[in-house]
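Report on the structure given below.
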Amino acid sequence: MRNYTMGDVVARWRRAQGYNVLHPMGWDAFGLPAENAAMQKGVHPGRWTHANIDEMRAQFRTMGLSLDWSREFATCDVDYYVHEQAMFLEMLERDLVYRKESWVNWDPVDRTVLANEQVIEGRGWRSGAPVERRKLEQWFFRITAFADELLSAIDGLERWPDKVRTMQANWIGRSEGARVRFPIRGRDDGLVVFTTRPDTLWGASFMAIAPDHPLAQERAKDDPRLAAFVAECLRSGTSQEEMDKAEKRGVDTGLRCRHPLDATPDLPVYVANFVLMDYGTGAIFGCPSGDQRDLDFARKYDLPVLPVVLPPGADPAAFTIGDEAYTGEGTLINSGFLDGLAVADAKPRIIERLEEAGVGERQVTFRLRDWGVSRQRYWGCPIPVVHCAQCGIVPVPREQLPVRLPEDVRFDEPGNPLDRHEAFLRTTCPGCGGEARRETDTFDTFTESSWYFARFCSPQYEEGPFERRAVDYWLPVDQYIGGVEHAVLHLLYSRFFTRAMSACGHLDLAEPFAGLFTQGMVTHLTFEGPNGRWLQPDEVEREGEGWVTVDGRHPVQPGRVEKMSKSKRNTVDPTTIIEGYGADTARLFMLSDSPPERDLEWTDQGIDGAWRYLNRLWRLVDERLDRLDGRDGGAGEPAGADAELKRTVHRTIDGVTRELEKLHFNKAVALIRELSNAIEAHDGSGPVLREALETLVVLVNPMMPHLAEELWSKLGHEAMLAATPWPAVDPAWLVADTVRLAVQVNGKRRAEIELPRGTDEATARSIALADEAVLKATAGKPPRRVIVVPDRIVNVVV
RNA sequence: GCCCGCUUGGCGGAACAGGUAGACGCACGGGACUUAAAAUCCCGAGGCUGUAUGCCGUGCCGGUUCGAGUCCGGCAGCGGGCACCA
């Protein structure tokens, strides 16, 4: 709610500034929650989803969000996902989609694939059955094709928070290094490794491969000990806890690698639990002196540790490696022709040599992996392909789209209901016309959310995902407001999708969101009741210093302040607040005090404070209505208190505008409150008072539109406030003609003097030096130096 | 472990660009109005003491500067992200 309120403030304010604002609302409607509800309560996911949407829509309406409801859609509408299916086919043609085997967490009881967060201590969250690792054929979006670009374009995202930019950069994780081929004794094939430290090649004392490396699998067939180790590694993969603390272990495969450049002793090849198949080539060379993991491993298996980098200033004769690897800068030693070079210089030299010898080359590797989108679930967009015994995997032709998600499904058995839905499954192969089976996997719901912003530009368009003219006009999104939880995946996928859609000719755009703002969560105190059950805030009441239940007055333990969630039952129903205080109060409260990027703690006092201010605003205008037109302010310039108020008015316009630009709603609210304080203290009447009140109402409008509109009409306006332009600042009224400046003696404030604005240095200096308090503080000592910053400060040094 | 961020009154937080720390609000205390309460209005309020034109004070230690909440170095605590990433 808070982020939508913020968005609405921006929308209303920008409209007042004369912009054409697209402020839509739609529903990310596919996904697990609906499917879970279906299994728990027996409701159809579609019905459940629509009921939820209706409820939320009603809430948005009461909040007075200025949304364009004519553009509303839900991603589970076939009118929406048909375009997603079409784009999938286009991306398939352009090789941006492919199929490969990958590991999944399989729940054997629920017969379903589990997301990582559904695996709790190695067991399925619902069934409690031990989770198996299975290999499945899955669909992938080739996001890595854009890895370099997605990374370098981050620099251009100037209106994104740095935090999110770093998180994305780390996620993509580009590292430069080399691929090196190590010949294996007695075999024709070699072992290819990726390393960022090719310069440490002479320090290699072993090779290590991932448990699921093809070579490991091959050797495990004839080696039971190795097979057992491999199986164990694959099993422990699910629990990160264990992985984190697991010691570095490995089993010798019996294979021996030759060093690619040198005739040093052969290197044993281990299968090791700390090498990942998904990263690099799934194989490394171990250089114990330059990598902590390799060192731990070497110590455990008694492998040689040869220092190859000498820290600056260290004695080459005495330098040895103890329990800590040396990863810093330094000079190469024990490394043949690299000896004496600095690390940074050695890297290009060794790569050059490897290339000459034909055993390696420069390589860039990314941490980013391709995006697996297959989900073995019902409530999602069907992936438009069929499986044919003759032709294999065949895309559904465009003209046969949409592949509709059938509605008549049952959840009385475990597993994906699509797998046993005969009418859906049976189809003919578009290739050979023979019998075929439909794909029963559906898309990851991140797919829908990767392009909905573009659909909003022309939500009824039927010829394609969106109308070219519309997206060219509206996109990129000027201001996106969302939670930090989307900092990586959703935002990165959207950036990928925008590029992919451009590659398919739908757009001419790389970046979907020009401005991003991540708002903080709304939190609330939690309450633990007598039986250890969490209690809702409305079941609890203050009593003295503590809390008791409303019924029965049992003592209640206040818990931590946490993100509002159903499980902790610390949510507040917005409808109740709106019924009691009105939407404007709720809106104001969510915008006040807390900086928008930080968490906001929901408190009754906070709501009360906002409510009081609303009432005060009302009285402020109401009580002054008869003073507005009584006395003619006359032709003359406002003077005295009037001038003072007028300056405050213009400073406020200026300040509020600046703060809104930065989305600092809390500061804008503070400035507005200062203006009301100033109006309250002003006892004049006439045009300046009118200007002040009208400005106040206009400035308040984006935040409290209902009240503001009402006040506007009380002030005698026929036209809607919503159609009134944002006020302009008159720079002449931004500054006062006198300024108070502090006078410091030796950096400590001793006096304050009032001077006409723009008083020159010499005058300011002599007035300051003549000040009584200054004279006292300097105790008659002559000033050694006097610093004057005009209109700001005077500092006397004695 | 690595990366990022944060740390200011009782509380949420202000402080343009190194120039009067604590705006605005919450909670609190005192007073006015009222038979009373609520609402409203007025006043007070960082700490300390000697009540002053006083001293101390922006997590801790040090530095740069005429001047540091702000810049630099180190440390601690809290929060977030990533994680055997070669």
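Owing to the predicted nature of the structure, the values given are computational and were not obtained by experimental measurement. Per chain, numbering begins at 1; letters A, B, ... match sequence-line order.
Across all strands, A:V488 comes closer than 4.0 Å to no nucleic acid atom at all (heavy-atom distances). Counting any heavy atom pair closer than 4.0 Å across all strands shown, A:Q744 reaches a base atom. The residue A:N677 sits close only to the backbone: its heavy atoms come under 4.0 Å of sugar-phosphate atoms, none of a base. Using a 4.0 Å heavy-atom cutoff across all strands shown, A:R749 reaches at least one base atom of the nucleic acid. At a threshold of 4.0 angstrom between heavy atoms, the contacts of A:R673 are confined to the sugar-phosphate backbone, with no base atom among them. A:S592 comes within contact range of no nucleotide atom at all, as no heavy-atom separation falls under 4.0 Å. Note on A:D593: a base of the nucleic acid sits closer than 4.0 angstrom, heavy atoms only. Contacts of A:Q605 with the nucleic acid, taken as non-hydrogen atoms under 4.0 Å apart, involve only primed sugar atoms and P, OP1 or OP2. Contact annotation for A:V789: base contact, defined as any heavy-atom pair under 4.0 Å involving a base atom. Heavy atoms of A:D278 sit nowhere under 4.0 angstrom from any nucleic acid atom.
Residue A:K667 places at least one side-chain N or O under 4.0 Å from the OP1 or OP2 atom of B:A15. Phosphate contact (OP1/OP2 of B:C6, side-chain N/O of A:R598, threshold under 4.0 Å): absent. Taking side-chain N and O atoms only, A:N273 has no distance below 4.0 Å to OP1 or OP2 of B:C84. Remark: A:R750 is not in phosphate contact with B:U20, judged by side-chain N or O atoms under 4.0 Å from OP1 or OP2.
Spacing between B:G13 and B:G79 at atom P, rounded to whole Å, works out to 15 Å. Across B:U58 and B:G22, the matching P atoms stand 14 Å from one another, rounded to whole Å. For the P atoms, the distance from B:G9 to B:U53 is 27 Å, rounded to whole Å. B:U40 and B:C55: their P atoms are spaced 41 Å apart (whole Å). With C1' as the reference atom, B:C56 and B:U8 are 15 Å apart, rounded to whole Å.
Ion pair A:D654/A:R658 flagged as a salt bridge, since at least one NZ, NE, NH1 or NH2 atom sits closer than 4.0 Å to an Asp/Glu carboxylate oxygen.
Annotation: A:W602 is in aromatic contact with A:F589 [ring centroid separation under 6.0 Å].
Regarding the sugar-base torsion, B:G63 falls in the anti class, its angle being beyond 90° of 0.
Side-chain atoms of A:Y581 and A:D608 include a donor-acceptor pair closer than 3.5 Å.
The local environment of CG in A:N677 is crowded, with over 12 non-hydrogen atoms from other residues, nucleotides or ligands closer than 6.0 Å.
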- Message: Dot-bracket, 5' to 3', for RNA chain B please: Watson-Crick or G-U pairs under 3.5 Å, [ ] where pairs cross earlier ones, | where the partner sits on another strand, dots elsewhere.
- Response: (((((((..(((......[....))).(((((.......))))).((((..).)))..(((((..]....))))))))))))....
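Stacking of A:R367 on the aromatic ring of A:W171 is recorded, both the 6.0 Å distance cut-off and the 45° axial limit being met.
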- Would you give a per-nucleotide map of nucleotides 39-50 of chain B, 5' to 3', where B means the base has a protein non-hydrogen atom under 4.0 Å away, S means only the sugar-phosphate does, and - means neither? -SS---------
